[in-house]
Amino acid sequence: MRAMPAIELNEDGPTLDTKTLFDEAKELWLEIGFGAGEHLAWQAENNADIGMIGVEPFITGVAKCLAHIEAGALNNVRLCAGDARRLLSRFPDQSITRVFVLHPDPWPKWRHARRRLIQTAFLEELARVMVPGGLFRLGTDWPDYSAWALHHVLRHRAFEWPAKGADDWRQRPADWPITRYAEKAALEGRRDAHFTFLRRNDL
């Protein structure tokens, strides 16, 4: 794997001074489980004034993402090869404007459901680090995970779902590029769900 000391974030350590992570960034966006990094690199390239932070536990994915960063000469990215839940604990309150969780492991067997990322404790930490009005995007091609995620997010007081019709989650927004996981799901006959939640302003 390519070395990344200049852009590496450790999952453990003291509270991050987010103002020093990037030379100039009007907002910080976080992608949890970025896979091969296609979406993260696209967002970084198309939002040069945003600081993009990605966390991925699998080294092969980190290596592929580094290749995207090098190819695009992207200097607004920081990566963590570790556990997103541990990294989240390092962020100060209300420091992240957007969070992306795209195609998380669905753990389809019910006895493994407790391993799913979208849980009450995770949402509590997400609500803490997100700015009021911030966006939380979740993509999945597993209907059971869609139902699970909606159940957990909508019963959490800090988040709301502004969707007004089915197209709001069936149609991928223009600034949500397709990933290889989504392409694979389509080839296998599974339809992607594209959820956008808002961090409430009144909490």
Side-chain angles (χ1 to χ4, degrees), residues 26-47 49-50 52-56 84 88 94-110 112-203:
K26 68 176 185 180
E27 296 176 4
L28 296 182
W29 296 0
L30 172 68
E31 181 165 354
I32 296 174
F34 56 73
E38 308 102 318
H39 175 272
L40 185 147
W42 188 95
Q43 294 291 354
E45 184 174 0
N46 287 275
N47 299 279
D49 56 348
I50 300 297
M52 287 295 306
I53 299 166
V55 55
E56 169 63 50
L88 273 178
Q94 298 185 9
S95 56
I96 303 293
T97 305
R98 291 193 182 189
V99 175
F100 307 93
V101 179
L102 309 183
H103 293 270
D105 192 328
W107 292 104
K109 294 182 179 179
W110 185 251
H112 296 151
R114 58 188 172 79
R115 300 183 184 180
R116 291 174 171 174
L117 180 66
I118 305 300
Q119 306 275 357
T120 300
F122 171 77
L123 292 169
E124 280 291 320
E125 193 67 353
L126 212 60
R128 180 186 69 79
V129 303
M130 290 185 68
V131 303
L135 268 62
F136 168 32
R137 282 184 168 176
L138 172 67
T140 180
D141 57 284
W142 287 85
D144 179 61
Y145 202 97
S146 292
W148 170 279
L150 284 173
H151 170 75
H152 282 79
V153 177
L154 295 183
R155 70 195 291 261
H156 195 288
R157 58 193 179 88
F159 295 97
E160 59 182 333
W161 187 29
K164 300 189 184 310
D167 281 350
D168 289 325
W169 57 269
R170 287 179 179 167
Q171 300 296 323
R172 191 175 66 255
D175 63 344
W176 186 329
I178 194 167
T179 67
R180 63 190 178 98
Y181 292 107
E183 290 175 338
K184 179 182 178 182
L187 288 173
E188 295 176 355
R190 296 192 302 275
R191 174 180 287 183
D192 251 11
H194 311 88
F195 299 116
T196 298
F197 305 104
L198 294 177
R199 171 66 168 85
R200 292 171 60 104
N201 284 301
D202 54 350
L203 291 173

Pairwise distance NE2(His152) to CG(Leu138) - rounded to 0.5 angstrom: 12.5 Å
Closest heavy-atom pair and its distance - Gly139, Pro104: O-CD, 3.3 Å
Check whether more than 12 heavy atoms from other residues, nucleotides or ligands sit under 6.0 Å from atom CZ of Arg155, and answer yes or no. no
Listed by chain and number, what are the side-chain hydrogen bond (donor to acceptor under 3.5 Å, both in side chains) partners of Asn46, not counting sequence neighbours? none
Donor-acceptor pairs are to be reported for all side-chain atoms of residues 122-129 against protein atoms at under 3.5 Å, with residues two or more places apart or in another chain.
| residue | atom | partner | partner atom | Å |
| --- | --- | --- | --- | --- |
| Glu124 | OE2 | His156 | NE2 | 2.8 |
| Glu125 | OE1 | Arg128 | NE | 3.3 |
| Glu125 | OE2 | Arg128 | NE | 3.3 |
| Glu125 | OE2 | Arg128 | NH2 | 2.8 |
| Arg128 | NH1 | Phe91 | O | 2.8 |
| Arg128 | NH1 | Asp93 | OD1 | 2.8 |
| Arg128 | NH2 | Leu88 | O | 3.1 |
| Arg128 | NH2 | Phe91 | O | 3.0 |

I need the full list of salt bridge (Lys or Arg N to Asp or Glu O under 4.0 Å) pairs touching residues 132-151, with sequence neighbours left out, sorted by first then second residue. Arg116-Asp144, Arg137-Asp175, Asp141-Arg190
Work out which heavy atom in Gly134 is nearest to a heavy atom in Met130; give both atom names and the distance. C-CE, 3.6 Å
Listed by chain and number, what are the side-chain contact (heavy atoms from CB on, under 4.5 Å) partners of Ala163, not counting sequence neighbours? Trp161, Asp168
Can you measure from CG (Asn47) to CH2 (Trp29) and round to the nearest 0.5 angstrom? 4.0 Å
Under 3.5 Å donor-acceptor pairs involving side-chain atoms of residues 33-42, not counting sequence neighbours:
| residue | atom | partner | partner atom | Å |
| --- | --- | --- | --- | --- |
| Glu38 | OE2 | Arg180 | N | 3.4 |
| His39 | ND1 | Glu31 | OE1 | 2.8 |
| His39 | NE2 | Gln43 | NE2 | 3.2 |

What's the separation between atom CG in Leu117 and atom CH2 in Trp148, rounded to the nearest 0.5 Å? 11.5 Å
With sequence neighbours left out, write down each residue that passes ring-ring contact (aromatic ring centres under 6.0 Å, His included) with His151, or none if nothing qualifies. none
For residues Arg200 and Asp202, report the shortest heavy-atom separation together with the two atoms involved. NH2-OD2, 2.6 Å
Who pairs with Asp167 by side-chain hydrogen bond (donor to acceptor under 3.5 Å, both in side chains), at least two apart in sequence or on another chain? none
Listing request: all salt bridge (Lys or Arg N to Asp or Glu O under 4.0 Å) pairs with a residue in residues 157-166, at least two apart in sequence or in separate chains. none
Write down the atom of Asn201, the atom of Gly133, and the distance for their closest heavy-atom approach. OD1-N, 3.3 Å
side-chain contact (heavy atoms from CB on, under 4.5 Å) with Ala44: which residues, sequence neighbours excluded? Met52, Leu74, Asn76, Val77
For Ala182, what residues pass the side-chain contact (heavy atoms from CB on, under 4.5 Å) criterion, not counting sequence neighbours? His103, Ile178, Thr179, Asp192
Contacts of Lys109 that satisfy salt bridge (Lys or Arg N to Asp or Glu O under 4.0 Å) - sequence neighbours left out: none
Return the set of residues passing side-chain contact (heavy atoms from CB on, under 4.5 Å) with Arg170 (not counting sequence neighbours), or none when no residue passes. Ala166, Arg191
Let me confirm one number: the CD1-CD1 distance from Ile118 to Ile32, rounded to the nearest 0.5 Å. 8.0 Å
Phe197 vs Leu150, test: side-chain contact (heavy atoms from CB on, under 4.5 Å). Steps then yes/no. CA-CA 10 Å; Phe197 305 104; Leu150 284 173; 3.9 Å; yes
Enter the distance from Leu135:CG to Phe100:CZ here, rounded to the nearest 0.5 Å. 8.0 Å
Heavy-atom closest pair, residues Ala84 and Val55: CB-CG1, 3.6 Å
Nearest-0.5 Å distance, CZ of residue Phe136 to CG of residue Leu30: 10.0 Å
